[in-house]
Each structure stands twice: as structure tokens, then as C-alpha cells.
Amino acid sequence: MAFTPKILCFAGSLRQDSYNKKLVKIAMEGAKEAKAEATFLDLKEIPLPLFDEDLEKSQGLPENAHKLKQIMKEHQGILLACPEYNSSITAALKNAIDWASRPVPGEKPLECFKGKVAGLMSASPGAYGGLRGLVTVRSILGNIGVLVISEQVAVGKAHEAFAEDGSLKDEKQKQHVRDIGARVASLSERILKPE
Ligand SMILES: Cc1cc2nc3c(=O)[nH]c(=O)nc-3n(C[C@H](O)[C@H](O)[C@H](O)COP(=O)(O)O)c2cc1C
């Protein structure tokens, strides 16, 4: 029976005009072209408090953490564009990962992450395009059971790289980003197809 993988696409930035939101939407097109169903999630629309074990203990998971977990569980693949803040992952992304990693009754450990396939990318006005931050993102996801594909893209000089319509001006770079989307889609289809 045909299986259509579902790919969740989001950025580790809350900023409205985020380059990384634009970037992940390009990868999302590649995933759709490879016959996946792709969903864009803006983390700004599900604000989360700073993770605090005391708060978790007294009040349980906030409603938006439940929402985030639910949407993650409905998808097999992840496309993630994360800016680099001080050479590392953004607080917004790490906070979202921490909340999503918390188990609720009836759930397998790390159910939002384990066995999923992810593709990473970043964009920054700097010369390295946020590449150093991706090292940390890759390491965190790998440690919680996500298969992160080796291909990745870091778009430098992001303030000059995007056209008005949000696309990348450099065709080769645009194709590379779309290819990441397509690769995550095809791998998700192949290895996560239910038996
Ligand atoms: C707190 C902070 C730290 C930053 N550190 C870095 C950095 O280490 N390397 C880098 O290339 N850009 C850094 N930047 C610049 C971001 O790459 C830039 O703001 C980028 O536009 C953020 O991504 P976004 O457009 O998706 O929001 C930093 C920005 C902020 C706000």
C-alpha cells in the first residue's frame, strides 16, 4: 500500500522575517516534490515557557508543549533550519526540544524523536552561514535517536542571498536545499513505512 511520509518543517528562530523560516520553506518544496506531505510550523505560534522542572512537576506540561508533541508525533521526518546564536543552537529551539522530550503517560521514551529522519540547514548574515550551530543541533538530535542525514546547507550572507519572494537567488544553492527536503522525504518513505 502506498505510504506518504509526513515531514514537519520548522525553524529555530522566532523572528517574523527569519531567513531560516524562508530557508526551510524551500526545503519543504523539495519534500513535496518527492511526494511527501509537508507541514510548516512556526514556533512563535506556540510560545513555550522556559523549561523548568518545578513548573513541570507542579502544573504538568503546558498546553503548547502538548500541541508541539502531538504535531511531532504525527510526522515521520523533520526539516529544520536553525540560526546560530553565539556559535550554538538558539534558546528557542533547545527549549522546544527539551519540552518535546518530556514523556507523558502511555508514551514511549523520546517518542517525538526516536527513529525519525531529519535534514538540517542554517542561514546567517555571517560568512559561515550558521554552520557552527548545526554541529550542536546535529549532536543533540543524534543523541535523542534522530537519524540526521549527512547533507546540510549553511547559507552565508543571508541578507543578500534571498530574493523578495523568499527564494534563494543562487539556483545551485536553492537546488541543494530542495534536495535535502527530497532526501528526507525519500528516506522517511523507505525506512519508516509501516509494515
Ligand atoms: C543572540 C544572537 C547571537 C548571534 N550569534 C551569531 C553567531 O554566533 N553566528 C552567526 O553567524 N550569527 C549570529 N547571530 C546573527 C544571526 O545569524 C542573525 O540574527 C540571523 O538573522 C538569525 O536568524 P533568523 O533570520 O532566522 O532569525 C546572532 C544573533 C543573535 C540575536
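Numbers here simply count residues along the sequence, with the first being 1. Numbering of ligands and ligand atoms starts at 1, following listing order.
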(request) Please test Lys174 against Glu171 for salt bridge (charged side-chain N to carboxylate O under 4.0 Å, His left out), starting from the C-alpha separation and ending with a verdict. (result) CA-CA 5 Å; Lys174 190 183 349 181; Glu171 284 298 325; 3.2 Å; yes
(request) Give me the ring orientation class for Tyr19 and Phe162: parallel if the planes are under 30° apart, tilted from 30 to 60°, perpendicular past 60°. (result)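 Parallel: the ring planes of Tyr19 and Phe162 meet at under 30°.
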(message) For Leu120, run the side-chain contact (heavy atoms from CB on, under 4.5 Å) check against Val24, Val148, Val153 and tell me which one passes.
(response)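 Of the listed residues Val24, Val148, Val153, the side-chain contact (heavy atoms from CB on, under 4.5 Å) partner of Leu120 is Val148.
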(message) For Arg132, is there an ion pair with Glu84 - N to carboxylate O distance below 4.0 angstrom?
(response)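 Salt bridge: yes.
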(request) Determine, for Arg183 against Asp179, whether the closest basic-nitrogen to carboxylate-oxygen distance falls under 4.0 angstrom. (result)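 Looking at Arg183 and Asp179, the cut-off is not met.
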(request) At a heavy-atom distance under 4.0 Å, which protein residues reach ligand 1? Sort them by chain and number, would you? (result)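 Protein residues near ligand 1 are Ser13, Arg15, Ser18, Tyr19, Asn20, Pro83, Glu84, Tyr85, Asn86, Ser87, Ser124, Pro125, Arg132.
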(request) Please list, chain by chain and in numerical order, all residues satisfying ring-ring contact (aromatic ring centres under 6.0 Å, His included) with Phe113, sequence neighbours excluded. (result)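 Here no residue qualifies.
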